[in-house]
Protein chains: 2
Amino acid sequence: MAAEQKSRFDPNFTDMVINGMGPNTTPRNRQVLGALIRHLHDFAREVELTVDEWMAGMKFINELGAIYLTSNKTRNETHRICDILGFESLIDEIAHKIVSDTGIDPTSSSILGPFWSPNAPFRPLGGVIFQDGVPPNGRVVKMHGVIRDITTGKGIPGAVFDIWQASANGKYDFQDPENQTPNNLRGKFRADEEGRYWFYCLHPTAYSLPRDGPSWQLLQLMDRHPMRPAHIHIMVTHPDYLGCTSQLYPKDDPWVKSDTVFAVKDDLVVEFKPFSDENGAVLELEYNVNLVPKGYKPKN
Amino acid sequence: MAAEQKSRFDPNFTDMVINGMGPNTTPRNRQVLGALIRHLHDFAREVELTVDEWMAGMKFINELGAIYLTSNKTRNETHRICDILGFESLIDEIAHKIVSDTGIDPTSSSILGPFWSPNAPFRPLGGVIFQDGVPPNGRVVKMHGVIRDITTGKGIPGAVFDIWQASANGKYDFQDPENQTPNNLRGKFRADEEGRYWFYCLHPTAYSLPRDGPSWQLLQLMDRHPMRPAHIHIMVTHPDYLGCTSQLYPKDDPWVKSDTVFAVKDDLVVEFKPFSDENGAVLELEYNVNLVPKGYKPKN
C-alpha cells in the first residue's frame, strides 16, 4: 500500500516542504515541525483526503477557536478534542513514564483536566472537603492512606495531598455557583510524620462532557458516548519528589472500561468499601500513593 | 527507533482509542479519523511532545479560529497554515493526479487560493482585464494559446478561460477597494471554434503573505520567507472535460524555487517574451492548456 502510494504521488514533495525550513530554525522546532508535517502529509496520502473533507476540517478548527473566544476562554473545546482523541492522555504518558526497579511502582499519573484550582485551602487532617455540607444523594467516604517513597517504601512526612472532585450532581464548584461556594469539594492536606493522610470526601459521580459543540459533534461521528467514569482528582507533591497528578476511579463504575477521555489506568481503579463511623462516613477508601525521589534513575 | 518507542510506551493505547469508535461510525469516517488518530499519536511519541509544547499548540489553534471570527470570516489563517505546511498543495495533488497515456500531459492543477470570484464577467476575445487601466509599473502582456483535448490534441471550441491576478501593487480587487473597482483584473473568455483564446493582462507581481498573525509566527519558527512568486490564476472549464484550476509563474521570478505555499509545478513555469503591438503590449505569453475528457481512463 505504502509503495503504491509512493508511486502515485510525488515522492519528493514532503521532503521539499520540510527542507524549506531555514538554518535559523531551532533543532527542536525542526524536529517537532518536521515530524508534524510528515505525519500530516502521510495521513492525507494514506486516506486520499478529499477537498471537501479538508474544507470540513478547516471549518471545524475555526469553530474551536471561535468558541474559546466567545466563551471568554472558559470553554476550551480544543483541549476537549485532544482529550477525546486520547491525545492528552498520551502526552501525560510521555511526560511521566517512569519504570522503577525497586519493587514499588510509582503511582500512575493521569490527566489534570480543566478543573484544578491553585486556590484550594489547606484543611486539617481528618477534616471534610464538602464545606457546603453533604448534598442529596451524596455518600460520605473516609479516604486515607500513606504517601510513600518508592525507593524505601517509607512514608514521606509533610507530603501534600491535594484533592478535588465534582459534587453529586456531576458539577465542580466553578460550574455550579448556585449550589456550591468557591473551594467546595477541594482541599489540601499535609501528611503526618509517618506520611499518612486522612479526610472525608464524597463518593464521586460520573458525568457527561457537554452534549453540544465541536467535541460532541466529533463523538457522534465516532459513534461514542460522552461519559467520563466517576473519579476523584488528586495531586500529590513534596519538594524532594516528582509530583503525581492523577485520578481514582471506582471499580464498579459503568464507564470505567470506556472513559471517553482514555484516562483510566489499572492502578487507578479502586474499591470503596462499606464502612461507618461517628462522622457520617458510609464508605472507606484506602489509597497509598508512591512517589519517585527527584533524581531517581533505575539501575537497568 | 520505532521499536524502542514501542517498548517505552503502551503499545496498545492507540488501538484502544481507535477501536473506541462504535458500530455506527461510517466506513469513511472510521478510515479518516482512525488514520488521523494514529498519525497524531505516532507524531507525539516520535518527538516525545512535551506538555508545554502541546499547550502551545492548543493556544495556536484557538488563535486561528478567533481571528477568523473577529475578521468576520475574511481572514482564514487556518487555510493559510495549511498552505504554508504544503497541505493544500498536497490535497490538490491527491484530487487531481491523472496520468495520461496519450502523449499529451494534462495541465497540472494548483491551489485555488482565497481570491477566486464567481462574479468575474465574460469579456470578448482580445479584450483587456485591466478595466481600471494600466497601473504605474504595470506591464501589459498579450496572453494567448489553445485549450486542447489530451486524447486528440485538438482545440476545444467554447472552453472557458477564467483568469484573475493581483495588480502591480500585489493586491487583488477585494483587498484594494481604494485603487480597484470590483472585477478589475478578472475576466472570463470563451475560446473560439479552434479552441483558441487571447486577451491582455498584466505581468504578475510577487507578494508577501501578511507579516502578522499565526501563519507569520509559524513561518518565523521555520525561518522561512512569506513570499509567493508572481503568478496568474487560471480556471479552465468545459462541460465535457475535467476542469483545471491552476497558476502560472514567470520562470525568472526570484521566489519561484521557494514559493511559501509550495504551489509551483514544472509545467506551470512560463516565459514572458518581449513583444509589442498596437494595443500597448510589451510582453507576450503563449500558454496551451491540456484538458482531460470526462470519463477518460488511461489504458495501462
Side-chain angles (χ1 to χ4, degrees), chain A residues 8-10 13-14 16-17 20-25 29 31-33 35-37 39-51 53-54 58 61-70 76 78-79 82 85-95 97 218 221-224 258 260 262, chain B residues 8-10 13-14 16-17 20-25 29 31-33 35-37 39-51 53-54 58 61-70 76 78-79 82 85-95 97 218 221-224 258 260 262:
Chain A
R8 185 165 138 76
F9 301 116
D10 179 353
F13 180 71
T14 298
M16 185 183 72
V17 174
M21 282 189 264
N24 296 317
T25 311
N29 283 341
Q31 180 189 23
V32 172
L33 295 170
L36 182 65
I37 291 167
H39 279 290
L40 285 175
H41 286 202
D42 284 349
F43 156 68
R45 280 187 288 254
E46 192 177 309
V47 303
E48 299 204 2
L49 198 70
T50 69
V51 173
E53 288 165 345
W54 164 60
M58 288 200 296
I61 287 174
N62 280 331
E63 282 166 14
L64 299 178
I67 288 177
Y68 190 61
L69 189 70
T70 56
N76 194 335
T78 305
H79 191 147
C82 289
L85 296 179
F87 203 76
E88 181 173 8
S89 211
L90 178 63
I91 294 298
D92 172 65
E93 181 190 14
I94 292 168
K97 189 85 175 185
L218 182 58
L221 285 181
M222 295 193 290
D223 188 26
R224 278 173 40 185
S258 65
T260 202
F262 304 98
Chain B
R8 185 165 138 75
F9 302 116
D10 179 353
F13 180 72
T14 298
M16 185 183 71
V17 174
M21 282 188 263
N24 297 317
T25 311
N29 282 340
Q31 180 190 23
V32 171
L33 295 169
L36 182 64
I37 291 167
H39 279 292
L40 285 175
H41 286 203
D42 284 349
F43 156 68
R45 280 187 288 255
E46 192 177 308
V47 303
E48 300 205 1
L49 198 70
T50 69
V51 173
E53 288 165 344
W54 164 60
M58 288 199 295
I61 286 174
N62 280 331
E63 283 165 13
L64 300 178
I67 288 177
Y68 191 60
L69 189 70
T70 55
N76 194 335
T78 305
H79 191 147
C82 289
L85 295 179
F87 203 75
E88 180 173 8
S89 210
L90 179 61
I91 295 298
D92 172 65
E93 180 190 15
I94 293 168
K97 188 85 175 187
L218 182 58
L221 285 180
M222 295 193 290
D223 187 25
R224 278 174 39 187
S258 65
T260 201
F262 305 99

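Below, chain A is the first sequence line, B the second, and so on; all start at residue 1.
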Subject >> chain B interface, residue from A/Asn29, A/Val32, A/Ile61 that has the most non-hydrogen pairs under 4.5 Å >> reply: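 That would be A/Val32.
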Original post:
For the candidates A/Glu53, A/Glu63, A/Met16, which exhibits the highest count of non-hydrogen atom pairs separated by less than 4.5 Å from chain B?
Top reply: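 Among A/Glu53, A/Glu63, A/Met16, the one with the most close pairs to chain B is A/Glu53.
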Counting only heavy atoms closer than 4.5 Å, note whether [X] contacts chain B via side chain, backbone, both or neither.
X: A/Phe13; value: side chain
X: A/Leu33; value: side chain
X: A/Asn24; value: both
X: A/Phe262; value: both

Subject >> Reported CZ-to-CG distance for the pair A/Phe43 and B/Leu90, which is rounded to 0.5 angstrom >> reply: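 Rounded to the nearest 0.5 Å, the CZ-CG separation comes out at 10.5 Å.
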Original post:
Could you give the distance from CD (B/Gln31) to CG (A/Leu49), rounded to the nearest 0.5 Å?
Top reply: 10.0 Å
So which of [options] has the largest heavy-atom pair count under 4.5 angstrom toward chain A?
options: B/Thr25, B/Val51, B/Thr50; answer: B/Thr25
options: B/Ser258, B/Gly20, B/Ala95; answer: B/Gly20
options: B/Thr78, B/Leu64, B/Leu69; answer: B/Thr78

Subject >> Engaged part of B/Asp92 at the chain A interface, taking heavy atoms whose separation is under 4.5 Å >> reply: neither
Subject >> B/Tyr68 versus chain A, the contacting section by heavy-atom distance below 4.5 Å >> reply: side chain
What closest approach, in Å, do [X] and [Y] show between heavy atoms, and which atom pair accounts for it?
X: A/His39; Y: B/His39; answer: ND1-ND1, 3.0 Å
X: A/Ile91; Y: B/Ala44; answer: CD1-CB, 4.1 Å
X: B/Val47; Y: A/Ala35; answer: CG1-CB, 3.5 Å

Original post:
Hey, does B/Ile94 have a side-chain heavy atom less than 4.5 Å from the side chain of A/Trp54?
Top reply: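 No, their side chains stay 4.5 Å or more apart.
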**OP:** State which residues pass side-chain contact (heavy atoms from CB on, under 4.5 Å) with B/Leu85; sequence neighbours excluded, sorted by chain then number.
**Re:**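 Only A/Ile37, A/Leu40, B/Ile81, B/Leu218, B/Met222 meet the side-chain contact (heavy atoms from CB on, under 4.5 Å) criterion with B/Leu85.
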Original post:
Is the side chain of B/Glu93 donor-acceptor paired with the backbone N or O of A/Asp10 at a distance under 3.5 Å, no angle test?
Top reply: yes
